Amino acid sequence: MSFEISGPRARDGVAERDARRVRMARRATAALLCFRGLDRLVDDATLIVSELVTNAIQHSGGVRVTFTMTVRDGFLRLAVLDCMPGQPIVQDAAGDAERGRGLLLVDCLAAANRGTWGTNEDGTEVWCSLRLPSREDS
């Protein structure tokens, strides 16, 4: 799934058009996971997708975002490509801060699902992998 974005905005958040793109990515993720019988990953995966797509919109400076989701070798891989180099940084947000916890959430959810997250070498793609639930996990 690839879509144009409005580009970075000041601290006032995400343009409505871009917010609709984030919702679209979450809905597509949920629908595809349910179709594949991976309902148990829907909540965590949609939160991760929301964070990764929102970060690309807010911080990349680019005008296009591509979201991919693959299932292979026992893992669900979620990836967002924005074609703008730069390494994301997990922030240590103050207790009363309204922003700055997205990548920390991604890190925690990846660890809770026996997965990991990272970037490609130049930082144009951020990805997260989650281990698929086994029958013993039911």
Side-chain angles (χ1 to χ4, degrees):
M1 167 185 317
S2 186
F3 47 88
E4 290 183 4
I5 59 173
S6 303
R9 293 173 54 107
R11 287 208 170 268
D12 60 344
V14 174
E16 179 56 34
R17 179 181 104 165
D18 294 335
R20 285 193 303 269
R21 304 288 197 233
V22 175
R23 286 191 296 271
M24 178 181 66
R26 281 195 313 258
R27 287 183 185 140
T29 299
L32 289 168
L33 288 174
C34 288
F35 179 76
R36 296 282 310 253
L38 297 171
D39 306 58
R40 292 185 50 218
L41 290 177
V42 168
D43 290 342
D44 290 351
T46 55
L47 180 54
I48 290 166
V49 166
S50 185
E51 293 299 333
L52 296 183
V53 172
T54 299
N55 279 354
I57 290 168
Q58 289 185 320
H59 304 296
S60 74
V63 295
R64 177 164 290 283
V65 169
T66 301
F67 164 66
T68 59
M69 181 170 67
T70 55
V71 174
R72 189 170 63 211
D73 299 329
F75 285 90
L76 168 67
R77 186 175 191 271
L78 308 163
V80 175
L81 176 72
D82 60 29
C83 296
M84 299 297 288
Q87 296 295 327
I89 299 168
V90 176
Q91 296 182 13
D92 187 18
D96 60 348
E98 294 181 14
R99 302 168 45 114
R101 292 182 183 83
L103 289 177
L104 179 60
L105 283 171
V106 170
D107 185 55
C108 290
L109 290 171
N113 286 281
R114 298 173 301 179
T116 189
W117 74 277
T119 67
N120 63 351
E121 191 172 305
D122 65 1
T124 57
E125 180 183 68
V126 180
W127 55 268
C128 181
S129 66
L130 307 176
R131 181 172 293 282
L132 299 178
S134 65
R135 292 176 193 211
E136 294 82 39
D137 294 335
S138 300

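Keep in mind the model is a prediction, meaning the values are calculated, not measured.
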Participant: Between CG of L104 and CD of E51, what distance do you get to the nearest 0.5 Å?
Facilitator: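 Spacing of CG (L104) from CD (E51) equals 10.0 Å.
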Participant: Under a 4.5 Å side-chain heavy-atom rule over Ile, Leu, Val, Met, Phe, Trp and Tyr, are F75 and L38 clustered together?
Facilitator: no
Participant: Would you say L52 and F67 make side-chain contact, with heavy atoms under 4.5 Å?
Facilitator: no
Participant: Can you find a heavy atom in the side chain of N113 that is under 4.5 Å from one in the side chain of L76?
Facilitator: no
Participant: With side chain to side chain contact (heavy atoms under 4.5 Å, CB included) as the criterion, how do R21 and M24 come out once you've worked through the C-alpha distance, each side chain's angles and the decisive distance to 0.1 Å?
Facilitator: CA-CA 5 Å; R21 304 288 197 233; M24 178 181 66; 3.9 Å; yes
Participant: Does any non-hydrogen side-chain atom of T68 lie less than 4.5 Å from one of L81?
Facilitator: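 Not in contact.
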Participant: How close do A110 and C128 get, heavy atom to heavy atom, and via which atoms?
Facilitator: CB-SG, 3.7 Å
Participant: Mind checking the CG-CG spacing from D43 to L109? Nearest 0.5 Å is all I need.
Facilitator: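 With rounding to 0.5 Å, CG (D43) is 10.0 Å from CG (L109).
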Participant: With side chains defined as the heavy atoms from C-beta onward, is the minimum distance between N55 and V80 less than 4.5 Å?
Facilitator: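 No, side chains not in contact.
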Participant: At what distance, to the nearest 0.5 angstrom, does CG of L132 lie from CZ of R72?
Facilitator: 12.0 Å
Participant: Tell me the closest heavy-atom pair linking M1 and A28, and the distance in Å.
Facilitator: CE-CB, 3.3 Å
Participant: Does E125 offer a backbone N or O that forms a donor-acceptor pair with the side chain of N120 under 3.5 Å?
Facilitator: yes
Participant: How many angstroms lie between atom CG of L78 and atom CG of L33, to the nearest 0.5 angstrom?
Facilitator: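 Reported to 0.5 Å precision, the distance equals 7.5 Å.
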Participant: Taking the side chain as C-beta and beyond, is there a heavy-atom pair between R20 and R23 under 4.5 Å?
Facilitator: yes
Participant: What distance do L47 atom CG and T29 atom OG1 have between them, rounded to the nearest 0.5 Å?
Facilitator: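 Going from the CG atom of L47 to the OG1 atom of T29 covers 11.0 Å.
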Participant: Using 0.5 Å steps for rounding, measure from the CH2 atom of W127 to the OG1 atom of T116.
Facilitator: 4.5 Å
Participant: Taking the side chain as every heavy atom from C-beta outward, state whether L32 and M69 have any pair of such atoms under 4.5 Å apart.
Facilitator: yes
